[in-house]
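Working notes, beginning with the structure itself.
Model, not experiment: these values are computed from the prediction. Order of appearance sets the numbers: ligands from 1, and atoms from 1 within every ligand.
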Amino acid sequence: MREIAIINGPNLNLLGVREPEVYGTETLQDINDSMLDLSKQLGLSLRFKQANAEHELVDFIHQCFHDQISGIIINPAAFTHTSVAIRDALLGTQIPFIEVHLSNVHAREDFRSKSWLSDVAIGTITGLGSKGYEMALRYWASEN
Ligand code: DQA
């Protein structure tokens, strides 16, 4: 069975309490539980990672490479706008990935419009809330 990694960056462990008017009221556990249910329907296997530290995300991406993961769904959170290290990890491992944001990053502060990942992603989903993760997973299911 193909395996997909779902990676969430800093402060996303606070979903549910963090700025609910921007990010909604679902917790990360709620989102991951829904993803697990969907993955069973779609015949995909999942592994999850949330970290607030950049190096943990880089190390996890390296591990995904060693374990020959098929693809990644990543919400890099604030690292979207700062992290050359995560970009290089994704480029260096050549694992295809989809970038997801809960909020519409283009409708917020200017600095959120700059992503270090979008130009090397398969695609980006932004502003659709947790449905963005679901759509990204459906994409992986449709790809052979
Ligand atoms: C976010 C958008 C980022 O700008 C922000 O730093 C986040 C969450 C989103 O999902 O909308 O932490 O990635």
Hey, which atoms in ligand 1 end up nearer than 4.0 Å to a heavy atom of Ala78?
6 (O), 12 (O)
Residue pair Glu3 / Ser70, side-chain donor-acceptor N/O under 3.5 Å
no
For a quick check under 3.5 Å, do Thr27 and Asp30 share a side-chain donor-acceptor pair by atom type?
yes
For atom 12 (O) of ligand 1, closest protein heavy-atom neighbour:
Arg18 NH2, 2.9 Å
Could you check whether Ser103 and Arg108, counting side-chain N and O atoms only, form a donor-acceptor pair closer than 3.5 Å?
yes
For Lys114, does the NZ atom sit with more than 12 other heavy atoms under 6.0 Å from it, leaving out its own atoms?
yes
To check your reading of the model: name the closest protein heavy atom to atom 9 (C) of ligand 1, its residue, and the distance in Å.
Leu102 N, 3.4 Å
Taking heavy atoms and a distance under 4.0 Å, where does Asn11 meet ligand 1: side chain, backbone, both or neither?
neither
Side-chain H-bond candidate by donor/acceptor type, Glu54 with Asn52, under 3.5 Å:
no
Please work out whether any backbone atom (N, CA, C, O) or any side-chain heavy atom from C-beta onward of Val105 is under 4.0 Å from ligand 1, and answer side chain, backbone, both or neither.
side chain
Atom 1 (C) of ligand 1 sits nearest the protein heavy atom His101 ND1, 3.7 Å
For atom 11 (O) of ligand 1, what is the nearest protein heavy atom, given as residue, atom name and distance?
Ser103 OG, 2.6 Å
So which heavy atom in the protein is nearest atom 5 (C) of ligand 1, and how far is it from that ligand atom?
Arg112 NH1, 3.3 Å
Among all protein heavy atoms, pick out the one at the shortest distance from atom 3 (C) of ligand 1; state its residue, atom name and that distance to 0.1 Å.
His81 NE2, 3.5 Å
Please check whether Asn75 reaches ligand 1 - meaning an N/O of the residue sits under 3.5 Å from an N/O of the ligand, judged on distance alone.
yes
With no hydrogens and no angle check, just 3.5 Å: does a side-chain donor-acceptor pair link Gln63 and Asp59?
no
How about Asn75 and Tyr133: does a side-chain donor come under 3.5 Å of a side-chain acceptor?
yes
